[in-house]
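Below is one structure; the comments refer to it alone.
These values consider heavy atoms only, across backbone and side chains, with no hydrogens, waters or symmetry-generated copies. Small disclaimer: the values here were computed from a predicted structure and weren't measured.
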Amino acid sequence: MNQSPLEYLCSSPETINPAIVTARKIQHLELSGQVTPEMMAELAKEAKSAIAEGKQAITNYGYSLEQLKLANSQPNKIPWGF
């Protein structure tokens with residue numbers, strides 16, 4: 001990898017783990033009293049799918065971390081904006 005760690009971070013996409021987003025949605029529905037027994041099966045499917053996507057996101061984060069470890073460091077240089 002020829003990018004510096006800062007360049008790698010700047011070019012990487014920003015995402016939130018889908019499992020967290022889905023959990024917050026379900027919590028909001030529950031706290032606002034909108035969850036009905038009829039909704040439970042659909043919410044369970046949505047949660048299961050989000051967990052699978054979340055596991056993939058964690059794998060992707062691990063890959064990014066490894067790429068950052070391999071990046072060329074630039075000692076004694078402070079990135080602009082810090």
Side-chain angles (χ1 to χ4, degrees):
M1 180 163 106
N2 296 330
Q3 291 180 313
S4 72
L6 181 61
E7 290 168 332
Y8 183 84
L9 287 172
C10 289
S11 66
S12 296
E14 290 185 42
T15 59
I16 299 175
N17 189 312
I20 294 172
V21 174
T22 302
R24 297 284 184 188
K25 175 185 168 186
I26 293 171
Q27 287 173 340
H28 173 73
L29 290 172
E30 185 179 29
L31 291 172
S32 61
Q34 298 179 45
V35 176
T36 63
E38 296 80 23
M39 293 174 65
M40 295 304 288
E42 186 60 36
L43 289 173
K45 285 181 197 174
E46 193 174 329
K48 193 173 191 175
S49 174
I51 289 168
E53 289 177 36
K55 286 180 179 181
Q56 182 60 50
I58 290 169
T59 300
N60 294 345
Y61 300 151
Y63 174 78
S64 291
L65 180 60
E66 291 305 314
Q67 292 302 304
L68 285 169
K69 288 178 183 177
L70 296 173
N72 298 327
S73 62
Q74 297 175 350
N76 300 323
K77 283 193 173 184
I78 299 174
W80 183 81
F82 284 86

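- In the displayed structure, I16 atom CD1 is contacted under 6.0 Å by at most 12 heavy atoms of other residues, nucleotides or ligands.
- Cluster partners of L31: none. The rule joins Ile, Leu, Val, Met, Phe, Trp and Tyr whenever side-chain heavy atoms lie under 4.5 Å apart, and it links nothing here.
- E42 meets the side chain to side chain donor-acceptor pair (under 3.5 Å) test with no other residue; sequence neighbours excluded.
- Qualifying salt bridge (Lys or Arg N to Asp or Glu O under 4.0 Å) partners for E66, counting only residues two or more places apart in sequence or in other chains: K69.
- Judged as a side-chain hydrogen bond (donor to acceptor under 3.5 Å, both in side chains), the pairs with a partner in residues 16-25 (not counting sequence neighbours) are, in order, K25-E46.
- Residue M39 shares its hydrophobic cluster (ILVMFWY side chains chained together at separations under 4.5 Å) with I26, L29, V35, M40, L43.
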Validation: residues 49-62 side-chain donor-acceptor distances under 3.5 Å, sequence neighbours left out:
residue	atom	partner	partner atom	Å
Q56	NE2	N60	OD1	3.0
T59	OG1	K55	O	3.2
Y61	OH	T15	OG1	3.4

